[in-house]
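In the text below, chain A, chain B and the rest are named by the order of the sequence lines, each starting its count at 1.
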Number of protein chains: 2
Amino acid sequence: MEKHEDIDQLVEQYLEAIKSAGFRMTTQRRVIIETLLKNMGDHPNAQELLERAQKVDPSIGIATVYRTVELLNNMDLLNLTNLQEGFRRYEIADENLHIHFYCRCCGSVSHFSADREKEKTVREWAREAGFRLMPQVLEIQGVCENCQAELGDIPEEEYILRCAPGCGRFGRRVSQPPGRGRRRWFRNS
Amino acid sequence: MEKHEDIDQLVEQYLEAIKSAGFRMTTQRRVIIETLLKNMGDHPNAQELLERAQKVDPSIGIATVYRTVELLNNMDLLNLTNLQEGFRRYEIADENLHIHFYCRCCGSVSHFSADREKEKTVREWAREAGFRLMPQVLEIQGVCENCQAELGDIPEEEYILRCAPGCGRFGRRVSQPPGRGRRRWFRNS
DNA sequence: TTAGTTGCAAACTCTTTGCACGAGG
DNA sequence: CCTCGTGCAAAGAGTTTGCAACTAA
């Protein structure tokens, strides 16, 4: 989280970009951008963004959040994230490439900006395919250190793949693993 | 696309996995898995999966498609893809890591299985963060060769970022770029 | 026999949109 | 002023779920 003056200044920069693209600088856009900047790293979704923005300006509606988020995305000033939760998360795009590690067990997201080397590598892969990279977030899924420790020494072929609560809604409701005692999904060997 | 005998054999393997996990081998699951296997590379969504499966067994309902897809995902036999289209696409997981290149301009997806080297690289990144990778699809977004050619020589700072039709529904409906003649979004410099 | 599965339709959740009003330039 | 932008409420789209009937084991 940055200092307030810095954020205020950044907000104005984003608004300036919006203005110079021919759009209007409105109070709502200012508040939403400010909220986005103050919550970098939190990856809020539309609902959270709304609630936080409403603390500054209670009149803001959800439609405006979606419209602002879309505007920013169109101008490529925003990264969208999708963790298969059934909704999107948003983050101001401040660099060209982000890499997130998403734990399928506990749902935690550790994210750090891609260092030059990683970015270069991915760019090279893209080039091989004739692609030109756009600023974005790369989601890499796995099991985090904590969860690995908690799971203990399990053979690769039976590594636990079940999404535990916290991963979002997908993967937790249909068939439960059969049998009374079992509580986890295992990979077939 | 593989030969029929091979697919039939694969279907049985998947069903066997399901059975050995304690679930039942049903006609519907057989048909859906077969459809998934026959459409590898197409990344069908739930609706498309339903339509194609219904050609074999018209009684199949959309709920069963979703439930089967969730079962397979829970067993980590399926990769989910999210291209910000408003729905998910599915693909049988046959390898540990896939890398897709998604063109933000035309919406095309070129995907090739990660070769050993790429997989190793990503795994190393994960290891640095204490992560253990799970089978998955990595979506890398950019602009494909064709679209780049079409766009011509545009400076990096003004590179076109607008999602053209075909990218899905996000990013195409709210504010249009202002002014009568302009049809594209440009990045602020 | 019996617990897991299915199809249907209703319910849900997130996102988008039509419209009349309001506000930036 | 004249558009563009906003809030509201309704509409849409994809996904999930309750339930009675069905079926694999």
With nearest nucleotide decided by heavy atoms, which residue, A:Ala63 or B:Ile62, maps closer to the 5′ end of DNA chain D? A:Ala63

Give the rounded distance in Å between these two atoms: OH of A:Tyr66 and C1' of C:dG18. 18 Å

Distance, rounded to the nearest Å, where B:Arg30 contributes CZ and C:dT6 contributes P: 12 Å

Just how far, in rounded Å, is P of C:dG4 from CG of B:Leu71? 13 Å

Using whole Å, what does the distance between atom P of nucleotide D:dT15 and atom CG of B:Leu80 come to? 10 Å

Send over the distance from B:Asn73 CG to D:dT15 C1', rounded to a whole Å. 14 Å

Across all chains, not counting sequence neighbours, the salt bridge (charged side-chain N to carboxylate O under 4.0 Å, His left out) partners of A:Glu12 are A:Arg30

The salt bridge (charged side-chain N to carboxylate O under 4.0 Å, His left out) partners of A:Arg127 (sequence neighbours excluded) come to A:Glu124

Once you round it to whole Å, what is the distance between P of D:dG14 and OH of B:Tyr90? 11 Å

Interface residues of residues 47-61 of chain B with DNA chain C (non-hydrogen, below 4.0 angstrom): B:Ser59, B:Ile60, B:Gly61

Side chain to side chain, B:Trp125 and A:Thr121, heavy atoms closer than 4.5 Å: yes

Could you note down all residue pairs passing salt bridge (charged side-chain N to carboxylate O under 4.0 Å, His left out) where residues 47-59 of chain A supplies at least one of them, sequence neighbours left out? A:Asp42-A:Arg52, A:Glu48-A:Arg89

Run the side-chain hydrogen bond (donor to acceptor under 3.5 Å, both in side chains) test against A:Asn45 and tell me which residues pass, sequence neighbours left out. none

Whole angstrom value for the distance that separates C1' of C:dT6 from CZ of B:Arg29: 10 Å

Which letter, B, S or -, goes with each nucleotide of nucleotides 20-25 of chain C from 5' to 3', with contact meaning a protein heavy atom under 4.0 Å? ---BBS

B:Ile140, B:Val122, B:Ile99 screened by side-chain contact (heavy atoms from CB on, under 4.5 Å) with A:Leu138, the one that passes: B:Ile140

Mind checking whether A:Phe131 and B:Phe101 have parallel, tilted or perpendicular rings, split at 30° and 60°? tilted

